[in-house]
Protein chains: 2
Amino acid sequence: MKADIKGRAPRTPAEADLLSFCNNAALRKAARGLGKLYDAVLEPSGLKATQYSLLTQIYDLGNPTMAELARSLLMDLSAMRHSLGPLIRDGLVRLRVEARDRRVKRVALTPAGVAKFEEAAQLWRKAQGRFEQAFGAARAAKLRSELRLLTSEGFKDAF
Amino acid sequence: MKADIKGRAPRTPAEADLLSFCNNAALRKAARGLGKLYDAVLEPSGLKATQYSLLTQIYDLGNPTMAELARSLLMDLSAMRHSLGPLIRDGLVRLRVEARDRRVKRVALTPAGVAKFEEAAQLWRKAQGRFEQAFGAARAAKLRSELRLLTSEGFKDAF
DNA sequence: TTGAAATCGTGGCATATGCCACTAATAAGT
DNA sequence: ACTTATTAGTGGCATATGCCACGATTTCAA
């Protein structure tokens, strides 16, 4: 465990765990971990949690343009497009050029997409429930609130 | 803005923003957003925040095996190996087979890797400082503490 | 009206991350 | 010692995400 053959001296307790102080690393690590848990619960639907999030946001926004969808997810337009790929390929999502401005494409769920979304939503509720159970509902709400602040324009500007 | 041409009816306030209730989606979104901020600050070093995290953890653990490193980051062994690729290619990290157990490979920073780590650490401190400034130091510590809980074995079991 | 500027989406390339199948090597059990 | 786990890493494939250059369109301005 403490190997360190030919390596640096072992960390002293005081300087131990440098990375645990990094807000960014902590966030990513938590996201990786929680992602796996949600993914496992959603698995029967064949959707990854990220894909479920995409479907949810499309459903929620109604009929967003690609740019609107990307902005709402704080995601790069190109990245979002790439992620949409598998969903389009599998017939869950469809793109339509807007007639009045042919630069624009609107994203919509297909009927199959709506069905898959509703199927996955059941599983999502289960995962979400387990989270609230394990972490505490109020505590979870507080956490989401803090995270929401991190993604706000105001925070970005203050940073 | 409210387009919704041929789309679903607009969300009522009550059901608005479905996704903001998803703990997992909130976490990923925040991670994306914060990642971009840290990345921007680290940019002069040529390292992404994720790569800086990897170097930090290698430095911190001293001379970990690949499996130890992956476990400590709650990361898939294979994923970590892939991420190590660019760092190895750029001569910052090196792998060595362990003589006593030739299945094992130990990960170590090269001298160039140590130098790059120290260079990036300066920038990281700047980013971290900005975060603490914008978010509040105590609040940040609390957030990290909550995130740490999420990544604990106990939470995974309770989930 | 016509050419510059801004907007939207696409494609290519690169890293981040995960899963699975497979090989190598060591540890356990009989 | 042999057979059977178990453990460590590798490689391939797939999705997640981002950046940049580019092409299509629309808007603005001279």
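Note on naming: letters A, B, ... go to the chains in the order of the sequence lines (proteins, then strands), and numbering restarts at 1 for each one.
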State whether the distance check finds a donor on one side and an acceptor on the other, under 3.5 Å, for side chain Ser78(A) versus base dG9(C).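 Check fails, no donor-acceptor contact within cut-off.
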Report yes or no: is there a donor-acceptor pair, N or O only, under 3.5 Å between the side chain of His82(B) and the base of dG11(D)?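 No such pair is found, so the answer is no.
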Between [X] and [Y] (side chain of the first, backbone of the second, donor and acceptor by atom type, cut-off under 3.5 Å), is there such a pair?
X: Ser45(A); Y: Glu119(A); value: no
X: Asp39(A); Y: Lys48(A); value: no
X: Glu98(B); Y: Thr65(B); value: no

Rounded to whole Å, how long is the line connecting atom [atom1] of [X] with atom [atom2] of [N]?
X: Arg100(B); N: dA8(D); atom1: CZ; atom2: C1'; value: 16 Å
X: Leu74(A); N: dT17(D); atom1: CG; atom2: C1'; value: 12 Å
X: Arg89(A); N: dC13(D); atom1: CZ; atom2: P; value: 15 Å
X: Leu95(B); N: dG11(D); atom1: CG; atom2: P; value: 11 Å
X: Arg103(B); N: dA27(C); atom1: CZ; atom2: C1'; value: 7 Å
X: Ile88(B); N: dA16(C); atom1: CD1; atom2: C1'; value: 15 Å
X: Asn24(A); N: dT17(D); atom1: CG; atom2: C1'; value: 14 Å
X: Arg71(B); N: dT17(C); atom1: CZ; atom2: P; value: 18 Å

OP1 or OP2 of [N] versus the side-chain N and O atoms of [X]: is any pair under 4.0 Å?
X: Arg102(A); N: dT25(D); result: yes
X: Arg28(A); N: dT17(C); result: yes
X: Arg81(B); N: dG11(D); result: yes

ILVMFWY cluster, Val107(B) and Phe117(B) together (side-chain gap under 4.5 Å):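 Val107(B) clusters together with Phe117(B).
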Would you indicate what Asp76(A) reaches in the nucleic acid, counting non-hydrogen atoms under 4.0 angstrom: base, sugar-phosphate, or nothing?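 Touches a base.
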Any residue of residues 32-52 of chain A with a heavy atom less than 4.0 Å from an atom of DNA chain C: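 Under 4.0 Å from DNA chain C: Arg32(A), Lys36(A).
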Output the single nucleotide from [options] whose closest atom is nearest the side chain of [X].
X: Lys105(B); options: dT10(D), dT6(D), dG9(C); answer: dT10(D)
X: Met75(A); options: dT17(D), dT17(C), dC19(D); answer: dT17(D)
X: Leu77(A); options: dT10(C), dT6(D), dG9(D); answer: dT10(C)

Provide the closest heavy-atom pair for Val41(B) versus Lys126(B) in the form atom of the first, atom of the second, distance.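 Closest approach of Val41(B) to Lys126(B): CG1-CD, 3.9 Å.
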Assign the ring pair Phe159(B) / Phe131(A) to parallel, tilted or perpendicular, where the plane angle (0 to 90°) is split at 30° and 60°.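 Ring orientation of Phe159(B) relative to Phe131(A): perpendicular.
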Mutual orientation of the aromatic rings belonging to Phe155(A) and Phe135(B) [parallel < 30°, tilted 30-60°, perpendicular > 60°]: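 Geometry flag for Phe135(B) against Phe155(A): perpendicular rings.
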Is a salt bridge present between Arg71(A) and Glu68(A), judged by a nitrogen-to-oxygen distance below 4.0 Å?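 Not counted as a salt bridge, because no side-chain N and carboxylate O are separated by less than 4.0 Å.
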First of Asp101(B) and Met66(A) reached from the 5' end of DNA chain C, by closest nucleotide: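 Here Met66(A) is the residue nearer the 5' end.
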